[in-house]
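This report concerns only the one structure given below.
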Amino acid sequence: KMVTMYQSFYELMELAFWGKPSGPTDDVTPEGIKFWLLPATKSTGMGSFEAVNPGSNWFRAGIDSTTNKRWANWSAQYSEVTAAYLVKKMRYAARKTLFRSPLKIGEPTLGKGRAIYANTDTVMNMEEILEAQNMNLGNDLASKDGKTLFKGNPIYNVSTLDDDTTAPVYMIDWSTFGACVLSGWDKKVSAPKEVANQHNVRAVFLDASFNFACTNLRNQAVISKASA
């Protein structure tokens with residue numbers, strides 16, 4: 001049951017990371033990716049640092065982007081996953097956000113590295129693009145599954161994004177984005193307590209107090225389809 005508890009905890013954390021609070025008065029839900037990296041609200045060619053806020057009177061790190069226009073992430077819209085559309089806009093975004101190739105390919109970790117994250121369909125389409133430009137695939141029908149890179153940075157499949165109809169592609173710089181945990185509240189497990197009316201059963205509670213923070217929005221990018 002302890003293993004199940006931790007598994008449920010991390011599943012909840014994944015939803016929190018890729019989500020956002022319901023509004024400025026929601027002080028319980030962490031400020032996840034969709035709070036910090038805002039999609040383009042209109043088609044602007046190859047994209048732009050669009051100075052928008054998460055909502056009315058709702059600011060990232062308390063800074064109004066409409067007043068401080070440099071406090072903005074890169075955003076663009078795409079219509080289809082092809083080299084001429086999505087990949088080209090990713091290449092452009094990489095130049096605007098200094099999304100450089102690593103010295104060596106490795107797993108990105110909090111505090112360093114960069115990576116790209118997208119839903120299942122988008123990643124599979126990217127793998128097909130990769131297969132189409134490689135002549136020597138051998139006998140493996142899925143030779144490029146899980147091996148797609150962009151400028152040497154890994155592209156990860158995030159199933160949590162599958163229900164997002166805008167199919168966002170996030171280009172994250174982990175050196176300026178991460179989690180902040182309140183001291184003493186990192187996966188805090190309570191002492192066992194007797195369950196009411198079940199004297200032979202004990203319960204423990206797992207609590208955490210944390211949030212996510214970005215110190216440089218101009219190093220981050222999101223490319224998505226226009227909202228339906």
Side-chain angles (χ1 to χ4, degrees), residues 5-41 47 49-65 71-77 90 93 97 99 107-123 153-183 185-188 206-227:
M5 179 184 71
Y6 277 104
Q7 182 178 357
S8 298
F9 173 79
Y10 287 119
E11 289 174 352
L12 179 62
M13 293 306 99
E14 182 178 12
L15 292 175
F17 177 77
W18 293 108
K20 68 176 182 179
S22 59
T25 60
D26 182 355
D27 57 2
V28 175
T29 306
E31 296 168 339
I33 286 289
K34 290 188 177 181
F35 171 82
W36 289 100
L37 275 63
L38 301 180
T41 62
F49 288 106
E50 189 176 356
V52 294
N53 293 313
S56 178
N57 295 317
W58 197 14
F59 313 122
R60 291 170 290 185
I63 301 173
D64 186 348
S65 293
W71 185 238
N73 60 271
W74 183 266
S75 62
Q77 292 184 353
M90 290 173 63
T97 60
F99 205 90
E107 292 286 328
T109 57
L110 286 175
K112 63 180 181 180
R114 297 171 184 258
I116 295 103
Y117 304 84
N119 68 16
T120 302
D121 287 343
T122 302
V123 171
N153 296 284
I155 298 178
Y156 293 103
N157 181 179
V158 180
S159 58
T160 305
L161 299 174
D162 287 351
D163 293 331
D164 189 334
T165 58
T166 66
V169 177
Y170 292 104
M171 302 172 68
I172 299 178
D173 172 19
W174 288 110
S175 70
T176 60
F177 194 98
C180 309
V181 182
L182 183 65
S183 178
W185 284 89
D186 182 9
K187 298 184 291 294
K188 185 176 181 180
L206 175 63
D207 296 295
S209 183
F210 70 96
N211 208 342
F212 302 104
C214 180
T215 58
N216 189 350
L217 288 176
R218 297 181 75 84
N219 280 20
Q220 316 292 345
V222 55
I223 307 173
S224 56
K225 293 182 178 179
S227 300

Where do [X] and [Y] come nearest, in terms of heavy atoms and distance?
{"X": "Ala115", "Y": "Tyr156", "result": "CB-CE1, 3.9 Å"}
{"X": "Ser224", "Y": "Pro39", "result": "OG-CB, 3.6 Å"}
{"X": "Ala93", "Y": "Met171", "result": "CB-SD, 4.0 Å"}
{"X": "Cys214", "Y": "Trp71", "result": "O-CH2, 3.6 Å"}
{"X": "Lys20", "Y": "Trp58", "result": "CD-CH2, 4.5 Å"}
{"X": "Met90", "Y": "Ile116", "result": "CE-CG2, 4.2 Å"}

Roughly how far, to the nearest 0.5 Å, is [atom2] of [Y] from [atom1] of [X]?
{"X": "Leu217", "Y": "Leu37", "atom1": "CG", "atom2": "CG", "answer": "7.0 Å"}
{"X": "Ile33", "Y": "Asn73", "atom1": "CD1", "atom2": "CG", "answer": "10.0 Å"}
{"X": "Ile223", "Y": "Thr166", "atom1": "CD1", "atom2": "OG1", "answer": "12.0 Å"}
{"X": "Thr97", "Y": "Ile172", "atom1": "OG1", "atom2": "CD1", "answer": "11.5 Å"}
{"X": "Leu38", "Y": "Gln220", "atom1": "CG", "atom2": "CD", "answer": "11.5 Å"}
{"X": "Phe35", "Y": "Thr29", "atom1": "CZ", "atom2": "OG1", "answer": "11.5 Å"}

So does [Y] get a backbone contact from the side chain of [X], meaning a donor-acceptor N/O pair under 3.5 Å?
{"X": "Gln77", "Y": "Ala40", "answer": "yes"}
{"X": "Asn53", "Y": "Ser65", "answer": "yes"}
{"X": "Glu50", "Y": "Ser75", "answer": "no"}

Compute the ring centroids of Trp18 and Tyr117, then answer whether they are less than 6.0 Å apart.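 Under 6.0 Å, so yes.
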
Passes side chain to side chain contact (heavy atoms under 4.5 Å, CB included), Val169 versus Thr122? Steps please. CA-CA 8 Å; Val169 177; Thr122 302; 3.9 Å; yes

Could you check Arg218 against Thr176 for side chain to side chain contact (heavy atoms under 4.5 Å, CB included), going step by step and ending with a plain yes or no? CA-CA 10 Å; Arg218 297 181 75 84; Thr176 60; over 6 Å; no

Would you check if there is a donor-acceptor pair between the side chains of Asp162 and Ser159 at a distance under 3.5 Å?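 Side-chain D/A pair, Ser159 to Asp162: absent.
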
Non-hydrogen side-chain atoms of Asp164 and Asn119 separated by less than 4.5 Å: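 Heavy-atom side-chain distance check fails, nothing below 4.5 Å.
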
Which of parallel (below 30°), tilted (30 to 60°) and perpendicular (above 60°) describes Trp174 and Phe17?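 Ring orientation of Trp174 relative to Phe17: parallel.
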
